[in-house]
Amino acid sequence: MKDLEGFVGKVLRDLAALPEEAMRLSLLGRRLAALSAPDAALFIDSLYKKGPEDRPSRAALSVLVDPEEIKKILGEEKYARIY
């Protein structure tokens with residue numbers, strides 16, 4: 001991905017603007033689905049590297065705690081390729 005940090009920053013800002021976890025889950029799932037599996041893996045890796053002390057990352061990380069909904073959005077095959 002050409003500008004991973006820029007993309008991650010935009011997604012985190014978009015997630016922070018949403019009031020409900022279900023909305024954040026849907027947005028994150030759609031954004032991950034739009035990426036190739038390697039880019040989605042890089043995206044998730046960058047979230048974990050920021051860590052929970054980075055407040056915007058916490059919203060995204062909390063959604064990834066229970067990946068079943070993300071798995072439904074991505075589909076089993078793409079989910080397996082990412083993780």
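For the numbers below, each heavy atom of this structure counts, side chains included, while hydrogens, waters and symmetry mates do not. Since the structure is predicted, the reported quantities are computational estimates derived from the model, not experimental observations.
With rounding to the nearest 0.5 Å, the separation of CD in E21 from CG in L15 is 10.5 Å. Put simply, CZ on R31 and CG on L28 are 9.0 Å apart, with the number rounded to the nearest 0.5 Å. From L25, atom CG reaches atom CZ of R30 across 10.0 Å, with rounding to the nearest 0.5 Å. One distance of note links CG of L35 with CG of L42; it measures 9.5 Å at 0.5 Å rounding. To the nearest 0.5 Å, the span separating CD1 on I82 from CG on D45 amounts to 13.0 Å.
Residues in residues 53-81 take part in these ring pair (Phe, Tyr, Trp, His ring centres under 6.0 Å) pairs, two or more places apart or across chains: Y79-Y83.
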- Message: For a side-chain contact (heavy atoms from CB on, under 4.5 Å) check, start with the C-alpha distance between L32 and I73, then their side-chain angles and the critical distance, and finish with the verdict.
- Response: CA-CA 9 Å; L32 289 173; I73 294 168; over 6 Å; no

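Taking every heavy atom of both residues into account, S57 and K50 meet most closely at OG-CD, 3.1 Å. Nearest approach of I44 to L64, heavy atoms of both residues: CG2-CD1, 4.2 Å. Nearest heavy-atom pair across A60 and L12 is CB-CD2, 3.8 Å. Taking each heavy atom of S46 and L4 in turn, the nearest pair found is CB-CD2, 4.3 Å. The two atoms that bring F43 and V8 nearest to each other are CD1-CG2, 3.4 Å, heavy atoms only.
Salt bridge annotation for R81-E77: present, with a cationic side-chain nitrogen under 4.0 angstrom from a carboxylate oxygen.
Remark: side-chain polar atoms of S26 are not paired, donor with acceptor, to backbone N or O of M23 under 3.5 angstrom.
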